[in-house]
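Below you'll find the structure, written out as structure tokens, and then a few comments.
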Number of protein chains: 2
Amino acid sequence: MSINPNVAVVASLLGETSRSTMLTSLMDGRFHTASELAFMSEITPQTASFHLSKLVEGNLINVEKHGRHRYYQLANKEVAHLIETFLSISPPPEVRSLKQSNQVKLLQEARTCYDHLAGKLGVTLTDSMLNSNYLEKEDRVFIVTPKGEQFFTDFGIDLTELKKKRRSFSHVCLDWSERHYHLGGALGNGLLTHFFEMNWIVHIPSIRAVKVTDSGKEGFKQFFNINI
Amino acid sequence: MSINPNVAVVASLLGETSRSTMLTSLMDGRFHTASELAFMSEITPQTASFHLSKLVEGNLINVEKHGRHRYYQLANKEVAHLIETFLSISPPPEVRSLKQSNQVKLLQEARTCYDHLAGKLGVTLTDSMLNSNYLEKEDRVFIVTPKGEQFFTDFGIDLTELKKKRRSFSHVCLDWSERHYHLGGALGNGLLTHFFEMNWIVHIPSIRAVKVTDSGKEGFKQFFNINI
DNA sequence: TTTATATTTCGATTATAGTCGAAGTATAGA
DNA sequence: TCTATACTTCGACTATAATCGAAATATAAA
């Protein structure tokens with residue numbers, strides 16, 4: 001029977017890898033569904049459900065039910081601030097072997113973040129589209145300019161089709177390893193899918209890293225002025 | 001293989017009750033020995049040793065070896081700030097029964113903190129001694145005034161004896177439930193011991209709370225002008 | 001209505017962290 | 001030198017948290 005505030009109660013919620021991954025994913029300030037969070041932290045929906053109810057119980061996140069989806073969000077700014085403090089003092093992922101060290105390098109270079117492109121390639125690509133005035137950043141979303149509409153259509157992306165999808169069309173996604181944002185949402189996913197279709201990038205087995213192929217190098221240079 | 005900073009590594013160190021109690025105890029900014037910290041978190045020295053090495057490993061605390069003692073301290077201001085953030089958002093200890101609720105009330109009223117008096121009584125007593133000019137607060141220690149030396153001697157405390165002890169003579173101890181400081185160190189312990197000897201206070205079994213006896217009520221009124 | 005998808009609940013398994021007793025090392029003090 | 005104290009290491013035990021398969025529930029889509 002102690003009398004001090006129980007620090008361990010909240011801290012233990014953050015002290016588990018799956019939960020801390022979920023919370024870090026929620027640091028973009030957006031709503032995420034249970035399945036998204038499960039996928040991002042590489043656990044089954046059952047386990048995610050288990051963790052999410054703990055986080056709700058502990059007042060670290062809120063949930064809104066819409067149809068069969070549950071939308072989760074960080075509970076308040078204090079929680080976001082707490083996680084930010086942790087992110088700033090926490091060590092980068094442990095590297096115990098040459099293999100892991102190489103994997104980290106590959107992941108830093110180019111990887112998928114949920115269902116769009118992240119890592120240095122993701123950031124560079126987003127910057128390129130901003131510089132070319134295909135996109136304009138507005139707070140937490142990216143707006144496709146008229147010039148951009150033309151470009152994406154020519155490039156082979158069906159914007160009308162993407163807009164139909166019942167999900168965020170185009171939003172800013174924060175990347176805590178690069179400490180910079182990149183393009184997410186349906187458009188981010190559309191581009192990623194198209195890069196795979198055109199064989200510009202290929203999956204690297206067992207991790208989320210992707211590798212730019214020779215034709216990809218040409219393509220990124222020609223269409224986005226990116227040298228890889 | 002993730003790429004984000006590993007929040008869970010640090011958080012899990014805080015997410016265990018014994019360790020968070022130790023860290024909270026270290027929030028007074030002073031050095032504490034392994035045995036002190038073991039006692040405060042109510043675990044054996046072996047278990048404390050186990051936890052303390054984890055905390056050192058995780059760069060949350062520092063250790064200095066002097067003779068057969070190990071002196072532990074929070075590693076830096078960032079750590080202190082982190083724990084402070086947690087203390088401010090953490091819930092008070094869980095109360096699951098009427099019995100526990102009563103225990104919390106008793107602990108709030110008067111209890112021992114390591115080896116001196118804390119709770120409302122500890123704070124009131126310290127305030128009284130400051131108001132009567134027996135003590136003067138200077139940063140993190142209390143200075144005994146000439147008037148205070150006279151008082152403590154008359155009261156039956158052997159200051160010369162207490163000063164001989166190889167420990168802090170008189171320091172400020174922070175109390176996170178009262179959010180206020182009180183007297184700790186050899187003098188704090190000397191007073192506590194004397195209160196027990198004179199039967200002003202008695203232990204309440206199984207918790208660290210103490211109860212003021214009838215003669216204690218008279219005594220505190222007469223010597224310290226405290227109404228209980 | 002039927003089928004597919006999102007999520008939760010239940011039950012069982014597994015891994016591991018916290019715990020302490022026993023024994024060891026190091027230092028202080030007599 | 002001997003004894004007491006402070007602390008650590010080792011080994012074993014235990015409780016519990018994270019995990020997932022299977023199955024249930026709720027909603028959307030066809």
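Lettering of chains follows the sequences in order, A, B, ..., and the numbering in each one begins at 1.
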All N/O contacts under 3.5 Å from nucleotides 19-22 of chain D to the protein, with atom names and distances to one decimal?
unit_1: dT19(D); atom_1: OP1; unit_2: Ser18(A); atom_2: OG; d: 3.1
unit_1: dT19(D); atom_1: OP2; unit_2: Ser18(A); atom_2: OG; d: 3.3
unit_1: dT19(D); atom_1: OP2; unit_2: His51(A); atom_2: NE2; d: 2.4
unit_1: dC20(D); atom_1: OP2; unit_2: Thr44(A); atom_2: N; d: 3.3
unit_1: dC20(D); atom_1: OP2; unit_2: Thr44(A); atom_2: OG1; d: 2.9
unit_1: dC20(D); atom_1: OP2; unit_2: Thr47(A); atom_2: OG1; d: 2.8
unit_1: dG21(D); atom_1: N7; unit_2: Gln46(A); atom_2: NE2; d: 2.4

Distances for protein N or O near nucleotides 24-28 of chain D N or O, under 3.5 Å:
unit_1: dA28(D); atom_1: O4'; unit_2: Arg68(A); atom_2: NE; d: 3.4

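For the side-chain contact (heavy atoms from CB on, under 4.5 Å) with Leu183(A), the qualifying choice from Met129(A), His171(A), Lys137(A) is Met129(A), the only one to do so. The residue from Phe31(B), Tyr71(B), Tyr114(B) that alone fulfils the side-chain contact (heavy atoms from CB on, under 4.5 Å) condition with Glu36(B) is Tyr114(B). Screening Leu23(B), Leu52(B), Ile61(B) for a side-chain contact (heavy atoms from CB on, under 4.5 Å) involving Leu37(B) leaves a single residue, Leu52(B).
At whole-Å resolution of the value, NZ in Lys54(B) and P in dT8(D) are 15 Å apart. In this entry the distance linking CD of Glu36(B) with C1' of dT5(D) reads 14 Å, nearest Å. For Leu55(B) and dG18(C), the CG to P distance is 10 Å, given to the nearest whole Å. Computed from coordinates, the His32(B) NE2 to dA6(D) P distance equals 16 Å when rounded to whole Å. Across the protein-nucleic acid pair, His69(A) atom NE2 and dA4(C) atom P stand 17 Å apart, rounded to whole Å. The CG atom of Leu37(A) sits 13 Å away from the C1' atom of dA6(C) (whole-angstrom rounding).
A salt bridge does not link Asp158(B) to Lys164(B): none of the charged side-chain nitrogens sits closer than 4.0 Å to a carboxylate oxygen.
Judged by closest nucleotide on DNA chain D, Tyr71(B) is the one of Tyr71(B) and Arg19(A) placed further toward the 5' end.
Contact annotation: the side chain of Phe142(A) approaches that of Thr126(A) to within less than 4.5 Å [non-hydrogen atoms, C-beta and beyond].
For the pair Arg19(A) and Tyr72(A), the cation-pi test (distance below 6.0 Å, angle within 45°) is failed.
Between the side chain of Thr112(A) and the backbone N or O of Asp115(A) there is no donor-acceptor pair closer than 3.5 Å.
Atom CG in Leu13(A) sits 10.5 Å away from atom NE2 in His51(A) (nearest 0.5 Å).
Using modelled atom types, one finds no donor on one side chain facing an acceptor on the other under 3.5 Å when comparing Glu84(B) with His81(B).
When heavy atoms are screened at a 4.0 angstrom cut-off, Tyr72(A) is found touching the sugar-phosphate backbone but no base atom.
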